[in-house]
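Residue numbers run from 1 in the order of the sequence given.
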Amino acid sequence: MIHLTHEDVTAAAERVAGRVRPLAVAPADTPGTWFALEHLQHTGTFKARGAINFIRAHQESGTLPDSGVTIASGGNAGLACAWAARAEGARATVFLPATAPAVKVARLRAYGADVRLVGREYAEALDACRKFAADTGALASHAYDHPLIAAGAGTLMEELHARLPDLDTVVVAVGGGGLFAGVAASAHHHGVRVVAAEPENCRALNAALAAGEVVDVPVDSVAADSLGARRVTPMALYAAQQYDVCSVLVPDAAIVRARQALWDDHRLAVEHAAGTALAGLHAYAPSEGERVAVVLCGANTDPGDLAASSSGGEPVGAAPSGA
């Protein structure tokens, strides 16, 4: 089984240095709690880190072909791949269904990607991407299931530790497990606990832990657009089994409330995956004096439903009453 080491993450940190935006950290309302503002990253998510590490590692080893990189994704991973390829002077060919929203196609093309619209479902775009890679020799990338992608994501934790060296715990949302695996490898080295937060109905890591192996799970959540992996990576399962990790599940209602609270109390417009992490903090309920950071992992969202609220709810970053 492939598993990440801290050395993998530090090697990635050297590659991405000066190419990604440095992690910003801001205090929450509750003393001892911080927000890691990774939603401010290039392309709006942490995925820029993995994408740039993936391409630069292949450049260093001489394994980046003239045909460039290819990926099947109209979401955050596709955007990150296109951005990283442009930044490194490489070609990117992105496959997505013909039904993809025009705004996504436009953003990908703005990053210089060759966008191929194939079929009506993601599976058809993925098949076309695989055929393109086989026919042209293009380097096939992945949204999360690759050690270079996960190690790049883990550089976030290296920066977080540098800014908050006394941190006890970090909370991250988990989809396919790339961010989690990278963060966990770094956090373990620095003696930091990881809280892995997932929607109740997108629980790939939680289910794998219960089964003792990677298993397929149903996907049905408001956060499924970014956390809707049907199975977690073996790298992520290994990290969850070997390191100091707490798996928590949160209902969609809590995710929506957390995302809204980030807007109402801090004017942070984030996607539901970031709301999942904050909801996960509440489910975890840190001990008194525990120093915790919540990773706000992405901001590729429609802010139209974030109308200002005057509900007077709990301060963001606080544990729920009676916790």
Side-chain angles (χ1 to χ4, degrees), residues 4 6 9-10 13 20-41 45-46 49 150 153-174 177 179-198 205-206 236 239-240 242-250 254-255 257-259 261-268 270 273-299 313-323:
L4 293 183
H6 182 243
V9 179
T10 55
V20 297
R21 290 174 180 157
L23 178 68
V25 176
D29 291 335
T30 302
T33 304
W34 291 267
F35 295 134
L37 307 178
E38 185 64 3
H39 67 295
L40 301 177
Q41 189 53 258
T45 73
F46 71 93
R49 295 175 178 270
T155 63
L156 181 158
M157 184 64 216
E158 288 295 293
E159 293 184 34
L160 182 59
H161 178 260
R163 285 156 179 72
L164 301 173
D166 296 328
L167 193 68
D168 296 309
T169 304
V170 60
V171 187
V172 296
V174 182
L179 173 64
F180 167 76
V183 166
S186 173
H188 175 69
H189 177 80
H190 296 297
V192 177
R193 173 183 295 112
V194 181
V195 175
E198 296 174 277
L205 178 63
N206 182 269
Q242 299 298 318
Y243 304 150
D244 186 6
V245 172
C246 175
S247 171
V248 298
L249 299 176
V250 292
I255 294 170
R257 285 197 303 269
R259 176 174 174 265
L262 285 165
W263 173 251
D264 290 345
D265 299 342
H266 295 273
R267 283 302 184 261
L268 297 174
V270 299
T276 300
L278 181 56
L281 172 69
H282 294 168
Y284 169 67
S287 304
E288 184 176 354
E290 188 172 351
R291 295 154 297 191
V292 185
V294 179
V295 177
L296 304 183
C297 53
E314 291 180 290
V316 67
S321 300

Measure the [atom1]-[atom2] distance between [X] and [Y] for me, rounded to the nearest 0.5 Å.
X: Leu262; Y: Leu278; atom1: CG; atom2: CG; result: 5.0 Å
X: Arg49; Y: Glu158; atom1: CZ; atom2: CD; result: 10.5 Å
X: Asp264; Y: Arg259; atom1: CG; atom2: CZ; result: 11.0 Å
X: Leu23; Y: Leu156; atom1: CG; atom2: CG; result: 5.0 Å

Practice task
Kindly determine whether Leu167 and Met157 satisfy side-chain contact (heavy atoms from CB on, under 4.5 Å), including the steps that lead there.
Solution key: CA-CA 11 Å; Leu167 193 68; Met157 184 64 216; 4.3 Å; yes

Exercise for the section: Go through Trp34 and Leu164 one step at a time and tell me if the side-chain contact (heavy atoms from CB on, under 4.5 Å) criterion holds. Expected result: CA-CA 9 Å; Trp34 291 267; Leu164 301 173; 3.8 Å; yes

Problem - Side chain to side chain, Cys297 and Leu179, heavy atoms closer than 4.5 Å - result: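 In contact.
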
Exercise for the section: On the 0 to 90° scale, with breaks at 30° and 60°, tag the His161-His190 ring pair as parallel, tilted or perpendicular. Expected result: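 The rings of His161 and His190 lie parallel, inter-plane angle below 30°.
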
Handout entry: Val25 and Leu160: CA distance, side-chain angles, deciding distance, side-chain contact (heavy atoms from CB on, under 4.5 Å) verdict
Key = CA-CA 8 Å; Val25 176; Leu160 182 59; 4.0 Å; yes

Practice task
Could you give me the CA-CA distance, side-chain angles and deciding distance for Glu198 and Leu205, then say whether side-chain contact (heavy atoms from CB on, under 4.5 Å) is met?
Solution key: CA-CA 8 Å; Glu198 296 174 277; Leu205 178 63; 3.5 Å; yes

Problem - Positive for side chain to side chain contact (heavy atoms under 4.5 Å, CB included) with Phe46, one of Gln41, His39, Glu38 - result: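 For Phe46, the side chain to side chain contact (heavy atoms under 4.5 Å, CB included) test succeeds with only one of Gln41, His39, Glu38, which is Glu38.
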
Practice task
State which residues pass salt bridge (Lys or Arg N to Asp or Glu O under 4.0 Å) with Arg193; sequence neighbours excluded, sorted by chain then number.
Solution key: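 For Arg193, the residues satisfying salt bridge (Lys or Arg N to Asp or Glu O under 4.0 Å) (neighbours in sequence not counted) are Asp244, Glu290.
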
Practice task
Please list, chain by chain and in numerical order, all residues satisfying salt bridge (Lys or Arg N to Asp or Glu O under 4.0 Å) with Arg21, sequence neighbours excluded.
Solution key: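 Partners of Arg21 under the salt bridge (Lys or Arg N to Asp or Glu O under 4.0 Å) test: none.
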
Problem - Gly182 to Val9 - nearest heavy-atom pair and separation - result: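 Looking at all heavy atoms of both residues, the closest pair is O-CG2, 3.9 Å.
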
Practice task
Of all the heavy-atom pairs spanning Ala196 and Phe180, show the shortest one and how long it is.
Solution key: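 Closest approach of Ala196 to Phe180, heavy atoms only: CB-CE1, 3.9 Å.
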
